[in-house]
Amino acid sequence: QKTHLILASLQPADSPDTLILTVDTTDRTLSDQIHSAWRHMVGIDYPLQPFYQFIQSADPILAPVIERLSGYQVLRDYSPYESLITSIISQQLNLSFAAQLKHTLLELTSEPLTVGEHRLFAFPLPSEIAALDISELRSRKFSQRKAEYLVESANAIASGQLDLLNLTTLPNELVISRLSDLRGVGRWTAECVLLFGMGRPDLLPAADIGLRNAIRLIYELDHQPTEEEVRELGAGWHPWESYVTYYLWAALDAQRKGALNLPHRMSKP
């Protein structure tokens with residue numbers, strides 16, 4: 001079995017609250033699956049207004065920052081499997097190099113489809129990654145350990161040793177425990193799978209350096225908060241920890257680009 005590409009386009013409709021997804025297939029079942037996946041990925045079924053109402057009363061320091069970023073939707077990965085592979089690749093790497101390695105993985109495992117000036121690749125099946133030679137990944141700038149972690153994790157899924165679909169029914173801590181049984185998968189990686197792959201709304205990756213940097217700026221701390229301090233602060237964000245995390249990451253990125261002034265005592269636009 002090999003992966004294959006199906007073209008789809010997502011466009012805004014005349015109504016500001018409507019998106020139109022067009023899928024290039026006559027298979028109705030497959031079309032429905034793709035529509036369902038896109039609803040998950042762009043957050044169609046996760047309205048933001050309840051989160052905004054909650055944060056206004058729950059955290060007056062954070063509320064104005066989130067208000068300035070109003071409209072940001074938490075974008076999710078296609079599946080827990082894709083999220084796991086992407087998170088393993090991204091461990092301890094900057095976003096640019098992680099994206100480069102992910103693209104390399106796609107090139108190694110699928111034939112491209114050329115659309116205009118773009119070359120599109122299908123995300124590989126677990127069996128396709130499991131079949132890769134470690135030395136081949138090493139020659140493409142993957143570290144020895146990262147290459148091993150990718151192949152071993154993919155093999156666990158392809159062989160049935162790890163059932164990601166079954167994990168989606170379990171509570172957060174149990175999912176983290178099960179995923180951490182994989183070599184090279186720690187709490188941060190498992191939390192990314194919960195947040196981006198499973199769409200859990202109450203996930204707080206408290207050890208994440210970007211999250212801690214954003215908290216230090218917004219709350220004007222004289223030190224970078226520890227993981228324990230982040231969890232203590234995050235207790236007041238329940239059950240919207242994932243949304244707060246995403247907005248804190250977005251705020252830090254906007255601040256670096258000069259589009260947002262942090263800390264929270266900033267002038268109104």
Side-chain angles (χ1 to χ4, degrees), residues 1-11 21-25 27 30-31 33-38 40-42 74-162 164-165 179 182-186 188-199 210 249 253:
Q1 186 183 14
K2 297 286 288 183
T3 53
H4 61 282
L5 287 166
I6 295 174
L7 290 179
S9 64
L10 190 66
Q11 298 174 321
L21 177 65
T22 303
V23 182
D24 186 18
T25 180
D27 186 328
L30 184 57
S31 178
Q33 290 174 347
I34 293 173
H35 275 80
S36 177
W38 270 102
H40 165 75
M41 291 167 67
V42 301
V74 180
L75 300 180
R76 299 165 176 84
D77 293 320
Y78 174 77
S79 67
Y81 158 64
E82 183 172 331
S83 185
L84 175 62
I85 296 301
T86 299
S87 298
I88 292 174
I89 291 174
S90 301
Q91 292 170 353
Q92 299 180 326
L93 297 180
N94 62 57
L95 293 176
S96 177
F97 188 48
Q100 179 184 334
L101 289 185
K102 181 177 179 180
H103 184 74
T104 297
L105 180 67
L106 302 187
E107 287 182 320
L108 284 172
T109 52
S110 66
E111 294 295 326
L113 175 64
T114 301
V115 180
E117 299 179 353
H118 303 283
R119 296 170 73 236
L120 306 177
F121 296 86
F123 200 86
L125 294 167
S127 58
E128 293 173 318
I129 297 179
L132 289 174
D133 192 279
I134 298 294
S135 62
E136 188 171 22
L137 289 169
R138 291 284 290 117
S139 69
R140 302 297 186 94
K141 299 184 178 180
F142 286 84
S143 69
Q144 177 72 24
R145 289 285 182 254
K146 196 176 293 289
E148 291 172 356
Y149 298 158
L150 285 170
V151 171
E152 290 176 14
S153 295
N155 185 61
I157 297 168
S159 67
Q161 176 187 342
L162 176 65
L164 287 175
L165 183 60
L179 288 177
L182 295 171
R183 194 165 72 99
V185 175
W188 179 87
T189 303
E191 287 174 332
C192 285
V193 175
L194 280 162
L195 200 164
F196 294 111
M198 299 184 185
W249 282 334
D253 184 58

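Taking both residues in full, the closest heavy atoms of Met198 and Pro80 are given as CG-CG, 3.9 Å, listed atom of the first, atom of the second, then distance. Heavy-atom minimum distance, Pro112 versus Arg119: CG-NH2, 3.5 Å.
A heavy-atom distance below 4.5 Å is found between the side chains of Phe123 and Ile85. For the pair Ile129 and Tyr81, the minimum side-chain heavy-atom distance is below 4.5 Å. Under the 4.5 Å side-chain criterion, counting only non-hydrogen atoms from C-beta, Leu108 is in contact with Leu137. Between Leu179 and Thr189 there is no side-chain heavy-atom pair separated by less than 4.5 Å.
In this structure, the side chain to side chain donor-acceptor pair (under 3.5 Å) partners of Ser83, at least two apart in sequence or on a different chain, are Asp77.
Of the possible donor and acceptor atoms, one in the side chain of Glu128 sits under 3.5 Å from a partner among the backbone N and O of Leu125. For His103 (side chain) and Ala99 (main-chain N/O), no donor-acceptor pair under 3.5 Å exists by modelled atom type. A donor-acceptor distance shorter than 3.5 angstrom exists from the side chain of Lys146 to the backbone of Gln91, with no hydrogens or angles considered. Between the Ser153 side chain and the Leu150 main chain, no donor and acceptor come within less than 3.5 Å of each other.
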Set out, in order, the CA-CA distance, both residues' side-chain angles and the distance that settles side chain to side chain contact (heavy atoms under 4.5 Å, CB included) for Ile157 and Leu84, then state yes or no. CA-CA 11 Å; Ile157 297 168; Leu84 175 62; 3.9 Å; yes
Test Phe142 against Leu101 for side chain to side chain contact (heavy atoms under 4.5 Å, CB included), laying out the working first. CA-CA 7 Å; Phe142 286 84; Leu101 289 185; 3.9 Å; yes
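Atoms CD and CD, on Glu148 and Gln144 in that order, are 4.5 Å from each other to the nearest 0.5 Å. Atoms NZ and OG, from Lys102 and Ser90 in turn, are 7.5 Å apart once rounded to the nearest 0.5 Å.
Defined by atom type and a distance below 3.5 Å, a donor-acceptor pair is missing between the side-chain atoms of Thr25 and Asp27.
Looking at Thr22, Leu21, Val23 one by one, the single match for side chain to side chain contact (heavy atoms under 4.5 Å, CB included) with Ser9 turns out to be Thr22.
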